[in-house]
Student: 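Would you mind keeping the following structure in view while I ask a few things?
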Amino acid sequence: MFAKIFSTWFILALAGFLSFSAHAADDSLRVDASTLVTAIEQQHQTAVVLDARSEALYQQDHIPGALNFPVNWTYAHKKTNGQVIEPNQAQTLFRKLGLDIHTPVIIYDDGALVDAARLFWTLEVYGLQKVKVLSTGYDYWTNKGYPTTDRVPFVTPSKYIAEVKHQRLATKFSTLLATKNPNDLIIDARPLPAYLGEQSSAKRFGHIPTAISIPASHNLKLENHMASFQPVNALEKVYSDIPKNKKVIIYCAIGRISATNYFALRELGYDVANYDASWKQWGNDLALPIANPSFSKDNEN
């Protein structure tokens, strides 16, 4: 994927213009497209831009200077569940892309923002400290007529050493403990019918005990058929009943759409972890408890 060579100025200056933008709050985790395109046009782009789309789409065209990190690379076995890649795999990928824990990063995807959020969460799990998401996707970028290219930048590999930030990664065990801990709160990001036990991606129907329902769709808004993250004040209303002193665990079917809840809660300052294996693991493990509002006890087991 690095066969073509392009100027390295996009990704080597890690201290200037974007800083992540004087126009955004210091703690904002999003960057708007107009800010990024201005940085590119003025040759002041200071972050590594990561394209979460497929390799095929990236090779056709992408934001100038962007590197390709397809979201599928974040999954260990996507067909089984959403568990994140192992540390040795992450280390290899991050080094290849020149990423380290202090590297400023901006992520974008096709426009659904779900894959960008999943990659955002993955980079945070592996310790990157300056990760942001483009608030709109590539569909918006091209719709605005912003510049694109098929040229691939040259990358100087990093010496990144993988380290898992367990406070960002929930497991089956930590989620089970959370069902019994009044200081923890579990959010089900799946559509409401899945939470109610009317549909399921696993053998069993229902949800994790004590979990509340906040579907991932609440984190996004659509305008002219293009998605963007809800404004922070709107997200504050969505999560107004969630105490800031609680540890929050998010899950969905495979830890994908729940990453948008993770992003929203991170931006709001919550202590949050994404349960990557999610319902695909929990719902297929007969040893784990479930709550099922829609089906009888016989259908639950």
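Quick note: numbers below take in every heavy atom, side chains included, and nothing from hydrogens, waters or symmetry partners.
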Student: Is there a side chain to side chain contact (heavy atoms under 4.5 Å, CB included) between Asp110 and Leu57? Walk through the geometry before answering.
Tutor: CA-CA 9 Å; Asp110 57 359; Leu57 288 176; 5.6 Å; no

Student: Of the non-hydrogen atoms in Glu267 and Leu29, which two are nearest, and what is the gap between them?
Tutor: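 Answer, listing the atom of Glu267 first, then Leu29: OE2-N, 3.3 Å.
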
Student: Test side chain to side chain contact (heavy atoms under 4.5 Å, CB included) on Val37 and Trp141; report intermediate values, then the result.
Tutor: CA-CA 9 Å; Val37 75; Trp141 186 274; 3.7 Å; yes

Student: Would Thr148 and Asp61 count as having a side-chain donor-acceptor pair, cut-off 3.5 Å?
Tutor: no

Student: Give the ring-plane orientation class for Phe69 versus Trp73, where under 30° counts as parallel, over 60° as perpendicular and anything between as tilted.
Tutor: tilted

Student: Cluster question for you: counting only ILVMFWY and a side-chain heavy-atom cut-off of under 4.5 Å, with indirect links fine, are Ile214 and Ile257 together?
Tutor: no

Student: What's the verdict on side chain to side chain contact (heavy atoms under 4.5 Å, CB included) for Asp276 and Leu169, showing C-alpha distance, side-chain angles and the deciding distance?
Tutor: CA-CA 7 Å; Asp276 56 350; Leu169 173 63; 3.5 Å; yes

Student: Would you mind reporting whether Pro289 and Trp282 have side-chain heavy atoms less than 4.5 Å apart?
Tutor: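 Side-chain contact under 4.5 Å: yes.
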
Student: Do Tyr75 and Tyr275 sit in the same hydrophobic cluster, where Ile, Leu, Val, Met, Phe, Trp and Tyr count as joined when their side-chain heavy atoms come under 4.5 Å apart?
Tutor: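 Per the 4.5 Å side-chain linkage, Tyr75 and Tyr275 are not co-clustered.
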
Student: So how far is it from Leu50 CG to Phe120 CZ, rounded to the nearest 0.5 Å?
Tutor: 12.5 Å

Student: A side-chain contact here means heavy atoms from C-beta on lying under 4.5 Å apart; do Asn183 and Lys247 qualify?
Tutor: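 Counting from C-beta outward, Asn183 and Lys247 never come under 4.5 Å.
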
Student: Would Val71 end up clustered with Leu99 when hydrophobic side chains under 4.5 Å apart are linked, directly or stepwise?
Tutor: no

Student: How long is the span from the CG atom in Asn68 to the OH atom in Tyr58, to the nearest 0.5 Å?
Tutor: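 Rounded to the nearest 0.5 Å, the CG-OH separation comes to 6.0 Å.
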
Student: Within a strict 4.5 Å, meaning less than it, do heavy atoms of the Leu134 and Ile63 side chains meet?
Tutor: yes

Student: What heavy-atom pair brings Ala47 and Val105 nearest, and what distance separates the two atoms?
Tutor: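 Scanning both residues completely, I find the closest heavy atoms to be CB-N, 4.2 Å.
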
Student: Looking only at heavy atoms, which two atoms of His218 and Leu235 are closest? And how far apart?
Tutor: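 Shortest heavy-atom separation between His218 and Leu235 comes out as O-CD2, 4.4 Å.
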
Student: Looking at CZ of Arg266 and CG of Asp271, how far apart are the two atoms once the value is rounded to the nearest 0.5 Å?
Tutor: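 With rounding to 0.5 Å, CZ (Arg266) is 9.0 Å from CG (Asp271).
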
Student: Are the side chain of Asp150 and the backbone N or O of Gln59 linked by a donor-acceptor pair below 3.5 Å?
Tutor: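 Judged by distance alone, no pair lies under 3.5 Å.
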
Student: For Ser258 and Asn274, test the side chains for any donor-to-acceptor distance below 3.5 angstrom and give the result as yes or no.
Tutor: yes

Student: Is any side-chain heavy atom of Leu97 closer than 4.5 Å to a side-chain heavy atom of Thr103?
Tutor: no

Student: Is it true that atom CG of Asn245 has more than 12 heavy atoms of other residues, nucleotides or ligands lying nearer than 6.0 Å?
Tutor: yes

Student: Check whether any side-chain heavy atom of Lys78 lies under 4.5 Å from a side-chain heavy atom of Ile254, and answer yes or no.
Tutor: yes

Student: What residues form a salt bridge (charged side-chain N to carboxylate O under 4.0 Å, His left out) with Lys165, not counting sequence neighbours?
Tutor: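 So Lys165 forms a salt bridge (charged side-chain N to carboxylate O under 4.0 Å, His left out) with Glu163.
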
Student: What closest approach, in Å, do Gly197 and Asn292 show between heavy atoms, and which atom pair accounts for it?
Tutor: CA-OD1, 3.9 Å

Student: Does the side chain of Asp109 come within less than 4.5 Å of Tyr138's, by heavy atoms?
Tutor: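 No, side chains not in contact.
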
Student: Can you check whether Ala76's main-chain N or O pairs, donor with acceptor, with Gln83's side chain at less than 3.5 Å?
Tutor: no

Student: Once you round to the nearest 0.5 Å, how far does OG1 of Thr175 lie from CG of Asn181?
Tutor: 12.0 Å

Student: Do the non-hydrogen side-chain atoms of Asp115 and Arg53 ever get within less than 4.5 Å of each other?
Tutor: no

Student: Working to the nearest 0.5 Å, report the span between OG of Ser213 and CG of Leu192.
Tutor: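 The distance works out to 5.0 Å.
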
Student: Tell me, yes or no, whether the heavy-atom count around Lys244 atom NZ, taken from other residues, nucleotides or ligands under 6.0 Å, exceeds 12.
Tutor: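 Buried by this count: over 12 neighbours within 6.0 Å.
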
Student: For the residue pair Ser200 and Trp279, confirm or rule out a side-chain donor-acceptor distance under 3.5 Å.
Tutor: yes

Student: Checking side-chain polar atoms at under 3.5 Å, does Asp51 have a donor or acceptor matched by the opposite partner on Tyr108?
Tutor: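 Yes, because at least one side-chain N or O of Asp51 sits under 3.5 Å from a partner of the opposite role on Tyr108.
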
Student: Classify the ring geometry of Tyr140 against Tyr146: parallel below 30°, tilted from 30° to 60°, perpendicular beyond 60°.
Tutor: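 Perpendicular: the ring planes of Tyr140 and Tyr146 meet at over 60°.
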
Student: To the nearest 0.5 Å, what is the distance between CD1 on Ile212 and NE2 on His207?
Tutor: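 Nearest 0.5 Å value for the CD1-NE2 distance: 10.5 Å.
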
Student: Establish, from distance only, whether the side-chain atoms of Tyr239 and Asn261 form a donor-acceptor pair under 3.5 Å.
Tutor: yes

Student: Where the side chain of Asp100 meets the backbone of His102, is there a donor-acceptor pair that is under 3.5 Å apart?
Tutor: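 Looks like no, no N/O pair under 3.5 Å.
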
Student: Hey, any chance Val125 and Val248 share a hydrophobic cluster, counting ILVMFWY side chains that come within less than 4.5 Å of each other, even indirectly?
Tutor: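 Same cluster: Val125 reaches Val248 through Ile, Leu, Val, Met, Phe, Trp or Tyr contacts under 4.5 Å.
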
Student: Looking at every heavy atom in both Gln230 and Leu220, which two are closest together, and how far apart are they?
Tutor: NE2-O, 3.2 Å

Student: Among all residues two or more places apart in sequence or in another chain, which pass the ring-ring contact (aromatic ring centres under 6.0 Å, His included) test with Phe229?
Tutor: Phe263

Student: Testing the basics here: between Ile186 and Pro209, what is the closest heavy-atom pair and its distance to 0.1 Å?
Tutor: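 That closest heavy-atom pairing would be CD1-O, 4.1 Å.
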
Student: Mind checking whether Val114 and Val31 sit in one hydrophobic cluster, side chains of I, L, V, M, F, W, Y counted as touching below 4.5 Å?
Tutor: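 The answer is no; the residues belong to distinct hydrophobic clusters.
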
Student: Apart from Leu177 itself, what residues make up its hydrophobic cluster, given side-chain heavy atom links below 4.5 Å?
Tutor: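 Direct or chained contacts put Leu177 with Phe173.
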
Student: Any side-chain heavy atom of Ile242 sitting closer than 4.5 Å to one from Ile187?
Tutor: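 Result yes, sub-4.5 Å side-chain heavy-atom pair found.
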
Student: Go through it in stages, so that I can follow the logic: the residues are Arg118 and Trp121, the test is side chain to side chain contact (heavy atoms under 4.5 Å, CB included), and I'd like the CA-CA distance, side-chain angles, deciding distance and then a yes or no.
Tutor: CA-CA 5 Å; Arg118 165 80 186 198; Trp121 164 75; 3.6 Å; yes

